[in-house]
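What follows is one structure encoded as structure tokens, with my remarks underneath.
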Amino acid sequence: MQPFISVGILHSTIIKFTFHGSFIGTDGERLSGDHAISLSGPTLTLDGRLIEKLPSFTPENSGSFFELYDVVIGIGFHWQQTESQRFSGVLIFVEEYGSLWAVNRLPIEDYLFCVIASEMKATSSLELLKAHAVVSRSWLIAQIEGKKREKYRDAKTTTASLIKWYDRENHTLFDVCADDHCQRYQGLTRATNSVVRQAIDATKGMMLVYQGDVCDARFSKCCGGMTELFETCWQPVHVDYLQSFVDNPLRPSGTHDLNLTRESDARKWIEMSPDAYCNTQDEVVLRQILNDYDVETTPQMYRWKIQYSRRELSELIERKMQLGIGEVRHIEPVKRGPSARIEELRIEGTNRTVVIGKELEIRKALSDSHLQSSAFVVDEVGDTFVLKGAGWGHGVGMCQVGAAMMAHKGMTYRTILFHYFRRAQIEVRW
């Protein structure tokens, strides 16, 4: 039998919601329509009346659902925005540090139905949706099981270096959150296509397994033509089924002998824009798999360029990092992973020189939100820094754009999965 999962949706001192249909509260009261719950110090109110305990609400029938208002999505990213979202299942309220969490409890397969349509559009091809269903299910179960295992923390912080990573922290009040920090879960808002349900049903209980353990199946938007190793982005642990390879089995001409950990080869790779599954400008395919705000806010994925004046870059790094570097004189990659993603970056300033990492820390330091990826080379032209880069995201595991193109070319979800998760097997667990 499939397990249930608890998802943290919204965190605030005041939460407004609507019951579409009938819901039964913990006290047995039947409710519908508009409501609001608030927490101010020790005072907890529901619709303006004092209550003693945090409530939960269960739908009276399968046709009932609830709607939450002012849900923040894309937290900390350039597409951050608020919207109203609708959910099936149970609505639970819990407290954390003087604020309320709205938590949704529902069967895992119903959760995945919404995740797949939140991560990609419901108009995606069936084989792509099947592949993503297996990946998302595997990642979820691996995270839940991983709560029992100790995780590595920040690698090292000294006066000359700041090396840290941002792997998912274990939530204590629920299993996963609803944003990019875990997996995009936007409820019934975008899950409107029967093809998504078909993909979930066709892969029910199916997940990637390696040596008996469920795979920590990572994915990102666009690998940039070469996938990355787990340890480049997160804790220093090698994961056998998350390998680095050219995202094209034909290995395009001129790429077979490149070692992208070397600066000269990284530059050649990024500037040559080689053929790969994710090297596409096919708007039909991209608009099938990317939500509107993804397309509108990040028009460049496979190869991109951004530039800063010396003053802009200096002010940006100080605002984001507060390291007291002073005016930036020079930035230089110290260590790259096999996809050319920078793991450690040296920033030389008028006051001090600091090495920062890992990849997400670098992306945060060099953008108001997040740089597309850390796979970039730097050209310093006078007082201008030009960053030329590849890909969108960390590049580990399944490349979503690459997987979409594989499906578009007629490949099956199994072919897609075994392409990105080498040495893994597929098992049905329920």
Next on the checklist: Students often mix this up, so state it plainly: with edges at 30° and 60°, are the rings of Tyr420 and Phe245 parallel, tilted or perpendicular?
Outcome noted: tilted
Checklist entry - Leu371 and Trp304: side chain to side chain contact (heavy atoms under 4.5 Å, CB included), yes or no, with the steps? => result CA-CA 10 Å; Leu371 201 64; Trp304 49 267; 3.8 Å; yes
Next on the checklist: Can you give me the closest heavy-atom contact between Ser273 and Tyr302, atom names plus distance?
Outcome noted: OG-CE2, 3.5 Å
Item to check | Verdict with supporting geometry, Asp368 and Arg319, salt bridge (charged side-chain N to carboxylate O under 4.0 Å, His left out) | outcome: CA-CA 9 Å; Asp368 284 323; Arg319 183 171 70 253; 2.5 Å; yes
Next on the checklist: Looking at Lys320, I want to see if its NZ is surrounded by more than 12 non-hydrogen atoms of other residues, nucleotides or ligands under 6.0 Å.
Outcome noted: yes
Item to check | Check: Phe87 ring centre within less than 6.0 Å of Phe66 ring centre | outcome: yes
Checklist entry - Do Lys130 and Arg414 touch side chain to side chain, with heavy atoms closer than 4.5 Å? => result no
Checklist entry - Can you check whether Phe17 and Tyr69 have ring centres sitting under 6.0 Å from each other? => result no
Checklist entry - Do Arg218 and Phe230 have side chains that get closer than 4.5 Å, going by heavy atoms? => result yes
Checklist entry - Hey, does Leu162 have a side-chain heavy atom less than 4.5 Å from the side chain of Lys164? => result yes
Checklist entry - For the side chain of Asp175 and the backbone of Ser6, is there at least one donor-acceptor N/O pair under 3.5 Å apart? => result yes
Next on the checklist: Under the criterion side-chain hydrogen bond (donor to acceptor under 3.5 Å, both in side chains), I'd like the reasoning laid out for Ser38 against Thr45: C-alpha separation, chi angles, the key distance, then a yes or no.
Outcome noted: CA-CA 5 Å; Ser38 67; Thr45 63; 2.6 Å; yes
Item to check | Evaluation steps, side-chain hydrogen bond (donor to acceptor under 3.5 Å, both in side chains), between Ser40 and Thr43 | outcome: CA-CA 5 Å; Ser40 178; Thr43 304; 5.8 Å; no
Checklist outcome for this item: What one should report as the nearest heavy-atom pair of Lys16 and Ala36 is CG-CB, 4.1 Å
Item to check | Donor-acceptor contact present, side-chain Tyr308 to main-chain Leu366, <3.5 Å | outcome: yes
Next on the checklist: Using side chain to side chain contact (heavy atoms under 4.5 Å, CB included), reason through Glu67 and Gln85 one step at a time and then give a plain yes or no.
Outcome noted: CA-CA 6 Å; Glu67 185 169 1; Gln85 296 179 350; over 6 Å; no
Next on the checklist: Using modelled atom types and a 3.5 Å cut-off, is there a donor and acceptor pairing between side-chain atoms of Glu312 and backbone atoms of Ser309?
Outcome noted: yes
Item to check | cation_pi(Arg423, Tyr210) dist<6.0 Å, angle<=45 | outcome: no
Checklist outcome for this item: Here the pair of heavy atoms bringing Arg422 nearest to His419 is NE-O, 2.8 Å
Item to check | Which atom of Ser56 lies closest to which atom of Thr26, heavy atoms considered | outcome: OG-CG2, 2.7 Å
Item to check | Distance in Å, Ser22 OG paired with Glu60 CD, rounded so as to fall on 0.5 Å steps | outcome: 4.0 Å
Checklist entry - Are the side chains of Val72 and Glu83 in touch, meaning some heavy atoms are under 4.5 Å apart? => result no
Next on the checklist: I want to check something: taking the side chain as every heavy atom from C-beta on, are Glu52 and Leu44 in contact at a cut-off of under 4.5 Å?
Outcome noted: no
Checklist entry - If you draw the axis of the six-membered ring of Phe113, does the NZ or CZ of Arg197 fall within 45° of it and under 6.0 Å from the ring centre? => result yes
Checklist entry - Atom CZ in Arg352, atom CD1 in Ile347: separation rounded to 0.5 Å? => result 10.0 Å
Checklist entry - What orientation do His35 and Phe19 show, parallel under 30°, tilted 30 to 60°, or perpendicular over 60°? => result tilted
Item to check | Modelled atom types, side-chain donor and acceptor of Trp430 and Glu109, under 3.5 Å | outcome: yes
Checklist entry - Looking only at atom types and distance, does a side-chain atom of Thr227 sit under 3.5 Å from a main-chain N or O of Gln243, one as donor and one as acceptor? => result yes
Next on the checklist: Treating Ser373 as the side-chain partner and Ala390 as the backbone partner, does any N or O pair qualify as donor plus acceptor under 3.5 Å?
Outcome noted: yes
Checklist entry - Passes side-chain hydrogen bond (donor to acceptor under 3.5 Å, both in side chains), Ser136 versus Gln183? Steps please. => result CA-CA 8 Å; Ser136 293; Gln183 293 187 122; 3.1 Å; yes
Checklist entry - Is the side chain of Ser374 donor-acceptor paired with the backbone N or O of Ile342 at a distance under 3.5 Å, no angle test? => result yes
Checklist entry - What heavy-atom pair brings Ala424 and Leu208 nearest, and what distance separates the two atoms? => result CB-CD2, 4.2 Å
Next on the checklist: Just to verify, which of Glu231, Glu343, Glu344 counts as forming a salt bridge (charged side-chain N to carboxylate O under 4.0 Å, His left out) with Lys358?
Outcome noted: Glu343
Next on the checklist: Whether Arg363 and Glu359 form a salt bridge (side-chain N of Lys/Arg under 4.0 Å from carboxylate O of Asp/Glu) is what I want to check.
Outcome noted: yes
Checklist entry - Partners of Arg303 by salt bridge (charged side-chain N to carboxylate O under 4.0 Å, His left out), sequence neighbours excluded? => result none
Item to check | Worked verdict on Tyr241 versus Gln211 for side-chain hydrogen bond (donor to acceptor under 3.5 Å, both in side chains) | outcome: CA-CA 10 Å; Tyr241 53 82; Gln211 295 184 347; over 6 Å; no
Next on the checklist: With a 4.5 Å cut-off on side-chain heavy atoms, are Lys204 and Asp201 touching?
Outcome noted: no
Checklist entry - What closest approach, in Å, do Glu228 and Ser339 show between heavy atoms, and which atom pair accounts for it? => result OE1-OG, 2.6 Å
Checklist entry - In chain order, what residues pass the ring pair (Phe, Tyr, Trp, His ring centres under 6.0 Å) check against Phe4, with sequence neighbours excluded? => result none
Item to check | Residue pair Asp70 / Thr82, side-chain donor-acceptor N/O under 3.5 Å | outcome: no
Item to check | Heavy atoms from other residues, nucleotides or ligands near CZ of Arg429 exceed 12 (cutoff 6.0 Å) | outcome: yes
Next on the checklist: Keeping Lys388 on the side-chain end and Phe376 on the backbone end, is there a donor-acceptor pair under 3.5 Å?
Outcome noted: no
Next on the checklist: Given 3.5 Å as the limit, does a donor-acceptor pair link the side chain of His394 with the main chain of Phe219, or not?
Outcome noted: yes
Next on the checklist: Would you say CZ of Arg30 has more than 12 non-hydrogen atoms from neighbouring residues, nucleotides or ligands within 6.0 angstrom?
Outcome noted: no
Next on the checklist: In the structure I gave you, are the side-chain heavy atoms of Leu313 and Ile331 within less than 4.5 Å of one another anywhere?
Outcome noted: yes
Checklist entry - Atom CG of Leu46 and atom CG of Leu39: how far apart are they, to the nearest 0.5 Å? => result 12.5 Å
Only pairs under 3.5 Å count here: list side-chain donor-acceptor contacts from residues 99-107, not counting sequence neighbours, and write none if there are none.
residue: Trp101; atom: NE1; partner: Glu96; partner atom: OE1; Å: 2.7
residue: Asn104; atom: OD1; partner: Tyr185; partner atom: OH; Å: 2.6
residue: Asn104; atom: ND2; partner: Ser88; partner atom: O; Å: 2.9
residue: Asn104; atom: ND2; partner: Val90; partner atom: O; Å: 3.1

Checklist entry - Backbone N or O of Met411 within a donor-acceptor pair of the Thr415 side chain at under 3.5 Å? => result no
Checklist entry - Quick one: does Arg310's side chain have a donor or acceptor within less than 3.5 Å of a partner on Val328's backbone? => result yes
Checklist entry - Could you walk me through whether Val176 and Tyr111 pass the side chain to side chain contact (heavy atoms under 4.5 Å, CB included) check? => result CA-CA 11 Å; Val176 291; Tyr111 161 79; 3.8 Å; yes
Checklist entry - Would the number of heavy atoms belonging to other residues, nucleotides or ligands and lying under 6.0 Å from CD of Glu29 be above 12? => result yes
Item to check | Trp165 side chain near Thr232 side chain, heavy-atom distance below 4.5 Å | outcome: no
